[in-house]
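Just below is one structure, and these are the notes that go with it.
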Amino acid sequence: MAIERTLSIIKPDATRRNLTGRIVAMLEEGGLRVVAQKRIHMTPAQAGAFYAVHKERPFYQELVEQMSAEPVVVQVLEGEDAIARNREIMGATNPADAAEGTIRKSFALSIGENSVHGSDGPDTAKTEIGFFFSQCEIVG
């Protein structure tokens with residue numbers, strides 16, 4: 001197993017409900033370490049750029065609006081197979097399909113308001129981390 005880094009976002013639906021600490025605790029209890037973290041309020045342009053890969057999908061505009069409506073917590077997680085581990089802890093995108101004990105099963109309001117985002121692969125993780133963090137902001 002390799003030590004990896006991945007991006008995690010605690011989405012507006014979760015920050016609005018003061019779930020940040022509980023979500024971070026679940027990630028840490030799952031073996032991941034937070035090596036960078038900040039609370040930001042993305043502009044619609046930033047959210048649009050971040051989710052540009054979904055630009056042609058029908059949910060894109062709603063996603064941009066949700067992600068720029070309220071603050072988010074962006075963080076870099078580190079650990080053995082961090083990308084897969086984070087995705088396991090998050091659970092399925094649809095909370096109805098998520099396993100018991102996962103973040104989405106525990107906290108998501110819907111498929112769209114599913115409380116967290118996580119990188120889906122090594123290349124995506126590198127790009128997404130670079131979108132929000134400079135190298136000097138990552139300690140670990």
Side-chain angles (χ1 to χ4, degrees):
M1 290 194 252
I3 298 295
E4 294 178 324
R5 287 184 174 163
T6 190
L7 183 82
S8 168
I9 301 176
I10 301 174
K11 294 182 176 183
D13 68 277
T15 62
R16 176 178 64 246
R17 294 178 290 143
N18 294 319
L19 298 173
T20 302
R22 291 168 68 185
I23 291 171
V24 171
M26 290 174 77
L27 295 167
E28 290 178 334
E29 288 165 7
L32 298 171
R33 189 167 79 109
V34 178
V35 294
Q37 183 183 68
K38 57 187 167 185
R39 182 178 297 265
I40 63 170
H41 195 151
M42 280 194 273
T43 66
Q46 287 171 316
F50 183 76
Y51 285 107
V53 67
H54 298 303
K55 192 169 185 118
E56 301 305 317
R57 298 208 172 158
F59 60 82
Y60 172 76
Q61 192 56 45
E62 181 182 354
L63 178 61
V64 169
E65 289 170 10
Q66 285 177 347
M67 293 301 291
S68 60
E70 297 180 61
V72 299
V73 174
V74 292
Q75 51 195 359
V76 179
L77 306 175
E78 183 179 83
E80 287 190 21
D81 295 317
I83 296 165
R85 185 72 190 122
N86 182 44
R87 296 185 71 74
E88 182 181 326
I89 296 166
M90 288 191 311
T93 301
N94 183 345
D97 298 333
E100 289 297 327
T102 62
I103 293 169
R104 289 178 173 149
K105 187 66 160 187
S106 300
F107 303 123
L109 299 173
S110 66
I111 293 174
E113 290 185 303
N114 60 22
S115 300
V116 287
H117 164 90
S119 302
D120 62 7
D123 292 338
T124 307
K126 183 175 180 164
T127 300
E128 290 182 346
I129 290 168
F131 189 90
F132 291 108
F133 294 94
S134 66
Q135 199 55 43
C136 68
E137 293 177 295
I138 302 170
V139 181

Gap separating the CG atom of Asp120 from the CZ atom of Arg87, nearest 0.5 angstrom
5.5 Å

Result block: side-chain N/O donor-acceptor pairs under 3.5 angstrom for residues 89-103, not counting sequence neighbours:
from: Asn94; atom 1: OD1; to: Ala96; atom 2: N; distance (Å): 3.0
from: Thr102; atom 1: OG1; to: Ala99; atom 2: O; distance (Å): 2.7
from: Thr102; atom 1: OG1; to: Lys105; atom 2: N; distance (Å): 3.3

Apply side-chain contact (heavy atoms from CB on, under 4.5 Å) to Leu27 and Val34, showing your working.
CA-CA 9 Å; Leu27 295 167; Val34 178; 5.9 Å; no

Distance, nearest 0.5 Å, that separates CD of Gln135 from CD of Glu137:
10.0 Å

His117 and Arg104 have their tightest heavy-atom pair at CA-NH2, 4.3 Å

Distance-only, no hydrogens or angles: does the Ser119 side chain make a donor-acceptor pair with backbone N or O of Thr6 under 3.5 Å?
no

Donor-acceptor pair, distance only, cut-off 3.5 Å: does the side chain of Glu113 make one with the backbone of Ser110?
no

Glu4 side-chain N/O to Ala82 backbone N/O, donor-acceptor pair under 3.5 Å
yes

Determine the minimum heavy-atom distance between Ala14 and Ser115, stating which atoms define it.
CB-O, 3.8 Å

Does Leu32 share a hydrophobic cluster with Ile83, counting links as ILVMFWY side-chain heavy atoms below 4.5 Å and allowing steps through other members?
no

Connected to Met42, directly or through other members, by ILVMFWY side-chain contacts below 4.5 Å are Leu7, Ile9, Val35, Ile40, Phe50, Tyr51, Phe59, Tyr60, Leu63, Val64, Met67, Val72, Val74, Val76, Ile129, Phe131, Phe132, Phe133, Ile138

Indicate yes or no: at least one non-hydrogen side-chain atom of Ser106 is less than 4.5 angstrom from one of Arg22.
no

Arg57 CZ to Glu62 CD distance, which is reported to the nearest 0.5 Å:
14.5 Å

Is a side-chain N or O of Arg85 found less than 3.5 angstrom from the main chain of Glu80, in a donor-acceptor match?
no

Decide yes or no for Asn86 and Val116: does some side-chain heavy atom of the first lie under 4.5 Å from some side-chain heavy atom of the second?
no

Over 12 non-hydrogen atoms of neighbours within 6.0 angstrom of NZ in Lys126:
no

If you look at every heavy atom in Gln75 and Ile10, which pair is closest and at what distance?
NE2-CD1, 3.7 Å

CZ of Arg17: more than 12 outside heavy atoms within 6.0 angstrom?
yes

